[in-house]
**Q** 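Structure below; questions to follow.
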Amino acid sequence: QVQLVESGGGLVQAGGSLRLSCVASGRTFGVYFMGWFRQAPGKEREFVAGINWSGGGTYYVDSVKGRFTISRDNAKNTVYLQMNSLKPEDTAVYYCARGTGLGYSPEGRQYDYWGQGTQVTVSS
């Protein structure tokens, strides 16, 4: 059984930064594509960023390009999301998820394990 545990959320003013972390259990973390999603109240879950097994391929939704950076440390079974220049519209619960395969997908159904989520609130 794989477990994903997110941390690092909180309350920040617009323009501020947060760094989310997601620690995964299991020995095969390093072979899987990993993604970050978010869900704001009353909205559908949205793909935010993804990273391939080596970290050499990263993918972002247009609204966060240039502000967010996804990275991973396979030795620590951890994926990160560095969020800079935060905006009130970034407010959401952020989830990390493990892809079912090796490649990129923004579709939630292509991810089989999910964390419990961490709240990010950006005040104006």
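Numbers here simply count residues along the sequence, with the first being 1.
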**Q** At their closest point, which heavy atom of Ala92 faces which heavy atom of Ala40, and how far apart are they?
**A**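 Heavy atoms of Ala92 and Ala40 come nearest at CB-N, 3.8 Å.
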**Q** Looking only at atom types and distance, does a side-chain atom of Thr100 sit under 3.5 Å from a main-chain N or O of Asp112, one as donor and one as acceptor?
**A**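 Answer holds: no.
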**Q** Hey, does the side chain of Arg45 reach the backbone of Arg38 with a donor-acceptor pair shorter than 3.5 angstrom?
**A**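 Not at all, since once roles are kept as given, no pair shorter than 3.5 Å links the two residues.
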**Q** Sub-3.5 Å donor-acceptor pair from the side chain of Thr118 to the main-chain atoms of Glu6, do we have one?
**A**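 Judged by distance alone, no pair lies under 3.5 Å.
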**Q** For the residue pair Tyr59 and Phe47, is the inter-centroid distance of their aromatic rings smaller than 6.0 Å?
**A**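 Tyr59 vs Phe47: aromatic centres not under 6.0 Å.
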**Q** Just by modelled atom types, is the Trp53 backbone N or O under 3.5 Å from a matching donor or acceptor in the Asn74 side chain?
**A**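 Yes; judged by distance alone, with no hydrogens or angles, the pair exists.
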**Q** I'd like to know whether CD of Gln119 has more than 12 heavy-atom contacts from other residues, nucleotides or ligands below 6.0 angstrom.
**A**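 Buried by this count: over 12 neighbours within 6.0 Å.
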**Q** When rounded to the nearest 0.5 angstrom, what is the spacing between CD in Gln13 and OG in Ser123?
**A**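 Those atoms lie 5.0 Å apart.
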**Q** Look at the side chain of Thr78 and the backbone N and O of Lys76, then say whether any donor-acceptor pair between them is shorter than 3.5 Å.
**A**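 Side chain of Thr78 to backbone of Lys76, a donor-acceptor pair under 3.5 Å: yes, one is there.
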**Q** Does any N or O in the side chain of Tyr111 come within less than 3.5 Å of the main-chain N or O of Ser105, such that one atom is a donor and the other an acceptor?
**A**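 Confirmed, Tyr111 side chain pairs with Ser105 backbone.
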**Q** Would you call the rings of Trp114 and Phe37 parallel, tilted or perpendicular if under 30° counts as parallel and over 60° as perpendicular?
**A**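 Tilted, since the angle between the ring planes falls between 30° and 60°.
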**Q** Check whether NZ of the Lys or CZ of the Arg Arg98 lies under 6.0 Å from the centre of the six-membered ring of Phe29 and within 45 degrees of that ring's axis.
**A**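 No, Arg98 does not lie over the aromatic ring of Phe29.
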**Q** Hey, does the side chain of Asn77 reach the backbone of Ala24 with a donor-acceptor pair shorter than 3.5 angstrom?
**A**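 Looks like yes, one N/O pair under 3.5 Å.
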**Q** Between Tyr80 and Leu20, is any pair of side-chain heavy atoms under 4.5 Å apart?
**A**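 No, their side chains stay 4.5 Å or more apart.
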**Q** Kindly say whether Ile70 contributes a backbone atom to a donor-acceptor pair with the side chain of Tyr60 at under 3.5 angstrom?
**A**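 It does hold such a pair.
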**Q** Is Lys65 salt-bridged to Asp62, cutoff N-O under 4.0 Å?
**A**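 Yes, Lys65 and Asp62 are salt-bridged.
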**Q** Judged by atom type as modelled, is there a donor-acceptor pair below 3.5 Å linking the side chain of Arg72 to the main-chain atoms of Asn52?
**A**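 Yes; judged by distance alone, with no hydrogens or angles, the pair exists.
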